[in-house]
K.L.:
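Pasting a structure below so you can have a look.
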Amino acid sequence: MADDTDTIRSEFDDAVNMTPKELDDWLDTDESQSVGNSSGDEESTGHHMGRRIVEIQRKKVGDLDDDDVAAMKKVKGYVARHLKQKPSKEDIETSKWRYSLMNWGHDPLK
């Protein structure tokens, strides 16, 4: 399991290119909170995952549990899929596409 967890953590670290502080600061912005799927007044899925990513980033590999590993796999998959959907006619810097990716810890302009 350790080797597998190391690989998953490495792939997660490749997908998440924002530091915990950058992501924390981003999640507090109106732009961050303006995107994502949510029901009612609940936090959006991406925004919630952003907070989860910060928790994972601050853990040592040896402290990761099965839920952390599952979340890292989900993040890796989301970022890979979403990067393939880059809009062609929008200003990328202020696009909902970029904002969604940033909620998941990846800034495509980095």
K.L.:
Give the minimum heavy-atom separation between Ile92 and Arg98, together with the two atoms involved.
P.N.:
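Scanning both residues, the minimum pair turns out to be O-CB, 3.4 Å.
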K.L.:
About how many Å separate CD of Gln57 and CE of Met18, when rounded to the nearest 0.5 Å?
P.N.:
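One finds 9.0 Å between CE of Met18 and CD of Gln57.
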K.L.:
How would you list, by chain and number, every residue that makes a side-chain hydrogen bond (donor to acceptor under 3.5 Å, both in side chains) with Lys59, sequence neighbours excluded?
P.N.:
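Lys59 satisfies side-chain hydrogen bond (donor to acceptor under 3.5 Å, both in side chains) with Asp68 only.
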K.L.:
Is Ser32 close to His47 at the side-chain level, that is, under 4.5 Å between some pair of heavy atoms?
P.N.:
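The answer is yes; the side chains approach within 4.5 Å.
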K.L.:
Would a distance-only check, ignoring hydrogens and angles, find a side-chain to backbone donor-acceptor pair under 3.5 Å from Ser10 to Asp6?
P.N.:
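Flag not set: sc Ser10 to bb Asp6 has no pair under 3.5 Å.
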K.L.:
With sequence neighbours excluded, what pairs up with Lys110 under the side-chain hydrogen bond (donor to acceptor under 3.5 Å, both in side chains) test?
P.N.:
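Per chain and number, Lys110 pairs via side-chain hydrogen bond (donor to acceptor under 3.5 Å, both in side chains) with Glu22.
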K.L.:
Looking only at non-hydrogen atoms, find the nearest pair between Arg51 and Asp28 and report the distance.
P.N.:
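Taking Arg51 first and Asp28 second, the nearest heavy atoms are NH2-OD1, 3.8 Å.
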K.L.:
Closer than 3.5 angstrom, by distance alone: can the side chain of His106 be matched with the main-chain N or O of Ala15 as a donor-acceptor pair?
P.N.:
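Looks like yes, one N/O pair under 3.5 Å.
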K.L.:
With a 4.0 Å cut-off on N to O distance, would you call Asp24 and Arg58 a salt bridge?
P.N.:
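Yes, charged N to carboxylate O under 4.0 Å.
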K.L.:
Run the ring-ring contact (aromatic ring centres under 6.0 Å, His included) test against Tyr78 and tell me which residues pass, sequence neighbours left out.
P.N.:
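Listed in chain order: His82, Trp104.
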K.L.:
So which atom in Ile53 and which in Asn103 form the shortest heavy-atom distance, rounded to 0.1 Å?
P.N.:
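Closest heavy-atom pair between Ile53 and Asn103: CD1-O, 4.4 Å.
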K.L.:
Check whether any side-chain heavy atom of Tyr99 lies under 4.5 Å from a side-chain heavy atom of Ser34, and answer yes or no.
P.N.:
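Contact flag for Tyr99/Ser34 side chains = yes.
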K.L.:
Would you mind reporting whether Arg9 and Met72 have side-chain heavy atoms less than 4.5 Å apart?
P.N.:
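Sidechains of Arg9 and Met72: in contact.
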K.L.:
Are side-chain heavy atoms of Phe12 and Lys76 found at a separation under 4.5 Å?
P.N.:
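Counting from C-beta outward, Phe12 and Lys76 never come under 4.5 Å.
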K.L.:
Measure the CG-OG1 distance between Asp63 and Thr5 for me, rounded to the nearest 0.5 Å.
P.N.:
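Output value for this atom pair is 11.5 Å.
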K.L.:
Of all the heavy-atom pairs spanning Pro108 and Leu83, show the shortest one and how long it is.
P.N.:
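In terms of heavy atoms, the two residues are closest at CB-CD2, 4.4 Å.
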K.L.:
Does any part of the side chain of Thr19, heavy atoms only, come nearer than 4.5 Å to the side chain of Leu23, both counted from C-beta?
P.N.:
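A side-chain contact is absent here, since even the closest heavy-atom pair is not under 4.5 Å.
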K.L.:
Mind checking the NZ-CZ spacing from Lys74 to Arg52? Nearest 0.5 Å is all I need.
P.N.:
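It comes to 10.5 Å.
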K.L.:
Measure the shortest side-chain to side-chain distance between Asp107 and Leu101 over non-hydrogen atoms and say whether it is less than 4.5 angstrom.
P.N.:
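The answer is no, as the side chains (C-beta and beyond) never meet within the 4.5 Å cut-off.
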K.L.:
Should the pair Glu11-Lys73 be classified as a salt bridge under the 4.0 Å nitrogen-to-oxygen rule?
P.N.:
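Answer for the salt bridge query: no.
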K.L.:
As an exercise, state the distance from OG of Ser95 to CD of Glu31, rounded to the nearest 0.5 Å.
P.N.:
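Going from the OG atom of Ser95 to the CD atom of Glu31 covers 12.0 Å.
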K.L.:
A quick test of your reading: do over 12 heavy atoms of other residues, nucleotides or ligands sit less than 6.0 Å from CD of Glu93?
P.N.:
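No, the 6.0 Å shell around CD holds no more than 12 heavy atoms from other groups.
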K.L.:
For the atom pair CE (Met102) and CH2 (Trp97), what is the distance rounded to the nearest 0.5 Å?
P.N.:
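Met102 atom CE to Trp97 atom CH2 measures 11.5 Å (nearest 0.5 Å).
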